Amino acid sequence: MNKNISHITRKNNLDLKISFEFFPPKSDAAEERFWNSLHRLAPLNPSFVSVTYGAGGSTRERTLRMVSKITKDTGIFAAAHLTCVGASKVEVDEVVKGYALAGVNRIVALRGDSPDGIGEKFIPHPDGYKNAIELVTGIQKLGDFDISVAAYPEKHPQSPTWNDDIDNLKRKIDAGANRAITQMFFDNDDYWRFMEKVEKAGITTPIIPGIQPIHNFTQISNFAKRCGTSIPTWLEARFAGLEDDPETHSLVAAAVAAEQVTELVENGVRELHFYTMNRSNLVLALARLLGQR
Ligand code: FAD
């Protein structure tokens, strides 16, 4: 064992930045869980908390309500996600202006997916933004926004080649994005290989790894496959047969995520974005492991 390396994660990582992603709750019970989780994670001083935007703008009001309340009640920077799906430029611009009026000037700008399914061809609204590059450009015209975009360590499934994918990322950043947050990935080598390509392309903007703790392996692996994230065979083997053993499942999930984030931090990553699924336990444990209190 390399003692110098293991020492890194035992210090208080004061320079490590973490952020959390939530989704807008659909019911009163879900909203209670949302706020419980947020209040448990808030003392970790996240650099921001983001709230997703449902397919086709289905969560438009709820996303706005959640980000405004996070900003007002906790003082944590809140970032609202926004997609181009099923809306004209005028309609999308109205949402952006609504965010600004509510004091939210951080936006995660995304193309979104076809309402027919994640893998289906994306057909833009006839008067809409066609992709995230256009959306970032449009948001920039409306004011002074801090903009994040998406990045794909395993390549976006609709990118014909790696060159197209990296070029698309570069163009989103050149259009004004301040950072990119990655799609979930489970093999860190995918992230490192991706970062080599990013560096070769001259991209210097932060690319924050998106970490997905595995609360439910079956659910996450189904979703991952639809997003183009691969499930390594070693990962499948670790969860095999644990469907009816939630206690062991959550211990394995904690160990897997701990291994992933520890290796990233030990190799120089200074910023992590956690997909919380509106739950706090596992993320809280991981943050503590990384020296965050
Ligand atoms: P883009 O960057 O616009 O591009 C997507 C793909 O299309 C790329 O492969 C690109 O090469 C290709 N492409 C772009 N323009 C062209 C063109 N003119 N011709 C040919 N090909 C082109 N989805 C939601 O619905 N709500 C959310 O809140 C949400 N949050 C997310 C947060 C993160 C951190 C991530 C990683 C994803 C999120 N998504 C969300 C999913 C996202 O909407 C999808 O991954 C979507 O398929 C692509 O969005 P994008 O912004 O990366 O698209």
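Note that the structure is a prediction, hence the values are computed from the model and not measured. When a ligand or atom number is given, it counts from 1 through the structure's own listing order. Residue numbers start at 1 and run along the sequence shown.
Residues F274 and V108 fall into different hydrophobic clusters, defined by Ile, Leu, Val, Met, Phe, Trp and Tyr side chains chained together at heavy-atom separations under 4.5 Å. Residues F34 and Y275 fall into different hydrophobic clusters, defined by Ile, Leu, Val, Met, Phe, Trp and Tyr side chains chained together at heavy-atom separations under 4.5 Å. Cluster membership check: F239 does not share its hydrophobic cluster with L286, using side-chain heavy-atom separations under 4.5 Å among Ile, Leu, Val, Met, Phe, Trp and Tyr. A single hydrophobic cluster is seen to contain both L264 and L290, as judged by linkage of ILVMFWY side chains at heavy-atom distances under 4.5 Å, directly or through other members.
Numbered from 1 in the order shown, with element, the atoms of ligand 1 that lie under 4.0 Å from a heavy atom of I181 read 34 (C), 36 (C). Taking every non-hydrogen atom of Q183 and a distance limit under 4.0 Å, the qualifying atoms of ligand 1 come out as 36 (C). Close contacts between ligand 1 and T52 involve ligand atoms 28 (O) [criterion: under 4.0 Å to a heavy atom]. Close contacts between ligand 1 and T83 involve ligand atoms 24 (C), 25 (O), 26 (N) [criterion: under 4.0 Å to a heavy atom].
In this structure, F77 places its CZ atom where only 12 or fewer heavy-atom neighbours from other residues, nucleotides or ligands lie under 6.0 Å away.
Closest to atom 8 (C) of ligand 1, if we only count protein heavy atoms, is S159 OG, 3.5 Å. Nearest protein heavy-atom neighbour of atom 3 (O) of ligand 1: A132 N, 2.8 Å. Summary of contacts: the protein heavy atom closest to atom 30 (N) of ligand 1 is H81 ND1, 3.0 Å. The shortest contact between atom 26 (N) of ligand 1 and any protein heavy atom is with Y53 O, 2.7 Å. At the shortest separation from atom 29 (C) of ligand 1 among protein heavy atoms lies L110 CD1, 3.3 Å. Ranking the protein heavy atoms by distance from atom 35 (C) of ligand 1 puts A150 CB, 3.7 Å first. With hydrogens left out, the protein atom closest to atom 6 (C) of ligand 1 is H156 ND1, 3.7 Å, a heavy atom. Closest to atom 7 (O) of ligand 1 among all protein heavy atoms lies R111 NH1, 3.5 Å.
Residue-level proximity to ligand 1 for K172 is carried by the side chain, the only part with a heavy atom below 4.0 angstrom.
A donor-acceptor contact under 3.5 angstrom links the side chains of S19 and H273, judged on distance only. Inspection of the S50 and H81 side chains reveals an N or O donor paired with an N or O acceptor under 3.5 Å. No hydrogens or angles considered: a donor-acceptor pair under 3.5 Å links the side chains of D93 and Y129.
Residue contacts with ligand 1: G112 is placed with a nitrogen or oxygen under 3.5 Å of a nitrogen or oxygen of the ligand (distance criterion only).
Counting only heavy atoms, the protein never gets under 4.0 Å from atom 12 (C) of ligand 1. Distances from atom 22 (C) of ligand 1 to the protein include no heavy-atom value under 4.0 Å. Distance check on atom 32 (C) of ligand 1: some protein heavy atom falls below the 4.0 Å cut-off.
Taking a 4.0 Å cut-off on heavy atoms, G210 fails to register as neighbouring ligand 1. At a 4.0 Å cut-off, at least one heavy atom of Y275 sits close enough to ligand 1 to count as contact. Ligand 1 has Y152 within reach: a non-hydrogen atom of the residue lies less than 4.0 Å from it.
The option from N131, V149, N168 that lies nearest to atom 18 (N) of ligand 1, judged by heavy atoms, is N131. The option with the heavy atom closest to atom 44 (C) of ligand 1, from among T63, D113, V108, V85, is D113.
A cation-pi contact links R111 to F122, judged by a cut-off of 6.0 Å to the six-membered ring centre and 45° from its axis.
Taking the side chain as every heavy atom from C-beta outward, F194 and K155 never approach each other to under 4.5 Å.
Closest approach of K121 to S114, counting heavy atoms only: O-CB, 3.4 Å. Listed here is the closest heavy atom pair of E21 and T276: O-OG1, 2.7 Å.
Paired with N188 under the rule side-chain hydrogen bond (donor to acceptor under 3.5 Å, both in side chains), one option of Q260, R193, E259 passes, and it is Q260.
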